[in-house]
There are 2 protein chains.
Amino acid sequence: MNEINLTSAQVPTGCQNCAIRHQAVCSRCEPDELVRLEEIKYYRTVEAGQTVVWTGDRMEFVASVVTGIASLTQTMEDGRTQMVGLLLPGDFIGRPGRESAAYDVVATTNLVLCCFRRKPFENMILQTPHVAQRLLEMTLDELDAAREWMLVLGRKTAREKIASLLAIVARRNAALTLQGTEQELQFDLPLTREAMADYLGLTLETVSRQISALRRDEVIALEGKRHVIVPDYRRLLNEAGDDSDGGMVI
Amino acid sequence: MNEINLTSAQVPTGCQNCAIRHQAVCSRCEPDELVRLEEIKYYRTVEAGQTVVWTGDRMEFVASVVTGIASLTQTMEDGRTQMVGLLLPGDFIGRPGRESAAYDVVATTNLVLCCFRRKPFENMILQTPHVAQRLLEMTLDELDAAREWMLVLGRKTAREKIASLLAIVARRNAALTLQGTEQELQFDLPLTREAMADYLGLTLETVSRQISALRRDEVIALEGKRHVIVPDYRRLLNEAGDDSDGGMVI
DNA sequence: GTTCGCTCTTGATCTGGGTCAAAGTTTCCT
DNA sequence: AGGAAACTTTGACCCAGATCAAGAGCGAAC
């Protein structure tokens, strides 16, 4: 994992101020907070497939994903694994106030992380309520996403699970590229079939079969194995059993 | 839902100061925070089976569970439901900063809630970093619990799911009654078979079958339908596929 | 180009847990 | 006490998705 320097031009979407959530400009920061965070902020790259943190690792830093995708996974003794979170740009890695990591964090694609050394970061949030407030909001969003996902895991069929995942990635992707959700959506699926299976509580064979089925039924089209075209987002939501456009944050 | 008055003698286990988490004394509060919270605090009772908040409800208050058990559930259009959280004494209901509820909150047993009117509560946490800090910690704990539960939902067998649930309730119960985990544990299971099924992503028939199987194999014993005796907590953990005593907070 | 890794797809078969059905308990109401 | 309603258990059967197995693409290395 390499420490790097990015010019501000290379970090175009983030709040140049607090940088906690890169994808959105944070309207909450005070000018003096900028200075504090700039001092302890640095960038790192991680290659696809590398583990950023292992369960139980002493966490030296917390970080915000700038580009790329990472996943949080839990593993049972016998090797069964379950992905418990998908970290997209703007999402936060690490838990202030906890010394060691509770999950494996694995880079799914090449990553750029905006890191903060842990101790100074914790001191900072103790002193700057607005940042702590923002962190609380983000955590609550993650909790909502996790609970949404519990419904997917516990009650949806394999086909609905796949459709739900595609909808989430499509949505997040659309949010990033500022497209609406009405027209055709396209995106690269940054996960292997196995990673999708780990996320969805399925086997990779089932994932493959269901993706083939969705393609056969023209809910989606594929270019190569990874590039997905969604001609009708509402149809996809419907397949996900998630008619109410609303919910499903991740 | 009735507003009531409790004497401090009737609220024995809570932090008399901030009361955010009733089960543990909060070491973080400043004396002046006590006053602010006392002003906006009141108690309510809810009968078993009653819904405390509906999805989308305008939330008038946030609350801490004093006694009893409540559940957070999500429902799909076709009626499939998934419980996404179990609220035991000390847990928190409601999301500061959000006007409306994201889930149904249903009283599983009779409840006593320590409520705070929402707006004053939000103002208060904006001004008192320590309370916000505590709220962040609690939210992070909940997130951990939710993610732990995702592993249960996604990867465990029916028998392991049941054992996991029993282990959680046993653990929380032991924590409350200050027993160790080495000796025999006993507790009342405060959930119907159907509620357990909703939590575990199973059907009530499967829940019943697996409980019978665990009893047949002498992992647990039952007195009546609800009172559970766990002769060997480690064995139960083992059945849950969760050998490492550590994790599994809820 | 060929070969070695992968990842992905598809087929055949098996099984854990769902579904449907019926009977047994407990609780609570009159 | 008697009876209804709700909860629980158990049985029989079935199916969605797991498992096992065999190829098919496809990129990287030589």
Side-chain angles (χ1 to χ4, degrees), chain A residues 47-49 76 78-82 106 108-110 152-166 188-217 220-228 239 241, chain B residues 47-50 76 78-82 106-110 152-166 188-217 220-228 239 241:
Chain A
E47 277 173 37
M76 291 172 68
D78 62 6
R80 282 178 281 178
T81 67
Q82 175 67 48
V106 183
T108 299
T109 63
N110 289 341
V152 173
L153 286 173
R155 292 298 180 199
K156 291 196 176 179
T157 64
R159 174 186 260 245
E160 289 170 333
K161 285 179 176 181
I162 298 288
S164 298
L165 178 58
L166 293 174
D188 279 318
L189 200 54
L191 302 169
T192 65
R193 299 291 184 259
E194 188 180 19
M196 294 173 71
D198 280 347
Y199 199 8
L200 297 165
L202 297 171
T203 59
L204 65 90
E205 294 95 327
T206 300
V207 170
S208 180
R209 269 185 254 273
Q210 295 300 334
I211 287 182
S212 297
L214 286 174
R215 188 177 34 170
R216 202 158 39 242
D217 299 344
I220 59 171
L222 292 183
E223 252 169 39
K225 309 234 183 244
R226 296 292 184 83
H227 191 74
V228 181
E239 287 287 349
Chain B
E47 277 173 37
Q50 298 295 106
M76 291 172 68
D78 62 6
R80 282 177 280 178
T81 67
Q82 174 67 48
V106 184
T108 299
T109 63
N110 290 340
V152 173
L153 285 173
R155 291 299 180 198
K156 291 195 177 180
T157 64
R159 174 186 260 244
E160 289 170 332
K161 286 179 176 181
I162 298 288
S164 297
L165 178 58
L166 292 174
D188 279 319
L189 198 54
L191 302 168
T192 65
R193 299 291 183 259
E194 187 179 18
M196 294 173 71
D198 279 347
Y199 199 10
L200 296 165
L202 297 171
T203 59
L204 65 89
E205 293 95 327
T206 300
V207 170
S208 180
R209 270 185 255 273
Q210 295 301 333
I211 288 182
S212 297
L214 286 173
R215 188 177 33 169
R216 202 159 39 243
D217 300 344
I220 59 171
L222 292 183
E223 251 169 40
K225 311 239 180 234
R226 296 293 184 82
H227 191 76
V228 181
E239 287 286 349

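By convention in this document, chain letters (A, B, ...) are assigned in the order of the sequence lines, proteins followed by strands, and residues within each chain are numbered from 1. Fair warning: this is a prediction, and the values are worked out from it, not measured in the lab.
Pair assignment for dG5(C) gives none, since no Watson-Crick or G-U wobble pairing has each distance under 3.5 Å.
Between Arg80(A) atom CZ and dG17(D) atom C1' the separation is 16 Å, expressed in whole Å. Nucleotide dA16(D) holds its C1' atom 15 Å from the CG atom of Leu200(A), rounded to whole Å. In this structure, Arg193(A) atom CZ and dT7(C) atom P are separated by 12 Å, rounded to whole Å. Separating the NZ atom of Lys225(B) from the C1' atom of dT9(D) is a distance of 7 Å, rounded to the nearest angstrom. Rounded to an integer number of Å, the gap from Leu202(A) CG to dA16(D) C1' is 11 Å. Atom P of nucleotide dG18(C) and atom CD of Glu194(B) are separated by 14 Å, given to the nearest angstrom. Atoms CZ (Arg159(B)) and P (dG18(C)) sit 16 Å apart, rounded to a whole Å. For the pair His227(B) NE2 and dT25(C) P, the interatomic distance rounds to 21 Å; values are reported in whole Å.
Looking only at side-chain heavy atoms (C-beta outward), Leu222(B) and Val228(B) come within less than 4.5 Å of each other. Contact of the Thr157(B) side chain with the Arg80(A) side chain is registered, since non-hydrogen atoms from C-beta on lie closer than 4.5 Å.
The residue Thr203(A) sits close to a base: some heavy atom pair falls under 4.0 Å. Within the 4.0 angstrom heavy-atom criterion, no nucleotide atom of any strand lies near Ile211(A). At a threshold of 4.0 angstrom between heavy atoms, the contacts of Gly201(A) are confined to the sugar-phosphate backbone, with no base atom among them. When heavy atoms are screened at a 4.0 angstrom cut-off, Ser212(A) is found touching the sugar-phosphate backbone but no base atom. When heavy atoms are screened at a 4.0 angstrom cut-off, Gly49(B) is found touching no nucleic acid atom at all.
Side-chain atoms of Glu205(A) lie closest to dC20(D) of the nucleotides dG17(D), dC8(C), dC20(D). For Gln210(A), whose side chain is taken as the heavy atoms from C-beta onward, the closest listed nucleotide among dG17(D), dT8(D), dT19(D) is dG17(D). In the set dC7(D), dC8(C), dC20(D), dC7(D) carries the atom at the smallest distance from any side-chain atom of Arg226(B). With dT10(C), dG18(C), dT9(C) as the candidates, the nucleotide lying closest to the side chain of Leu204(A) is dT9(C). Between dG17(D), dT9(C), dT26(C), one nucleotide has an atom nearer to the side chain of Ser208(A) than all others, and that is dT9(C).
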Working for side chain to side chain contact (heavy atoms under 4.5 Å, CB included), residues Thr206(A) and Lys161(A): CA-CA 11 Å; Thr206(A) 300; Lys161(A) 285 179 176 181; over 6 Å; no

From CA spacing to verdict: side chain to side chain contact (heavy atoms under 4.5 Å, CB included), Leu200(B), Gln210(B): CA-CA 12 Å; Leu200(B) 296 165; Gln210(B) 295 301 333; over 6 Å; no

Test side chain to side chain contact (heavy atoms under 4.5 Å, CB included) applied to Glu160(B) and Val152(B), step by step: CA-CA 8 Å; Glu160(B) 289 170 332; Val152(B) 173; over 6 Å; no

Full working for side chain to side chain contact (heavy atoms under 4.5 Å, CB included) between Glu239(B) and Leu166(B): CA-CA 10 Å; Glu239(B) 287 286 349; Leu166(B) 292 174; over 6 Å; no

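When each of Thr192(B) and Arg209(A) is assigned the nucleotide of DNA chain D with its nearest heavy atom, Thr192(B) is the one assigned upstream, toward the 5' end. Residue whose closest nucleotide on DNA chain C sits further toward the 5' end, between Val207(B) and Leu222(A): Leu222(A).
Between Thr206(A) and dA18(D) there is a side-chain polar atom (N or O) within less than 4.0 angstrom of OP1 or OP2.
dG5(C) adopts a syn glycosidic conformation, its chi angle falling within 90° of 0.
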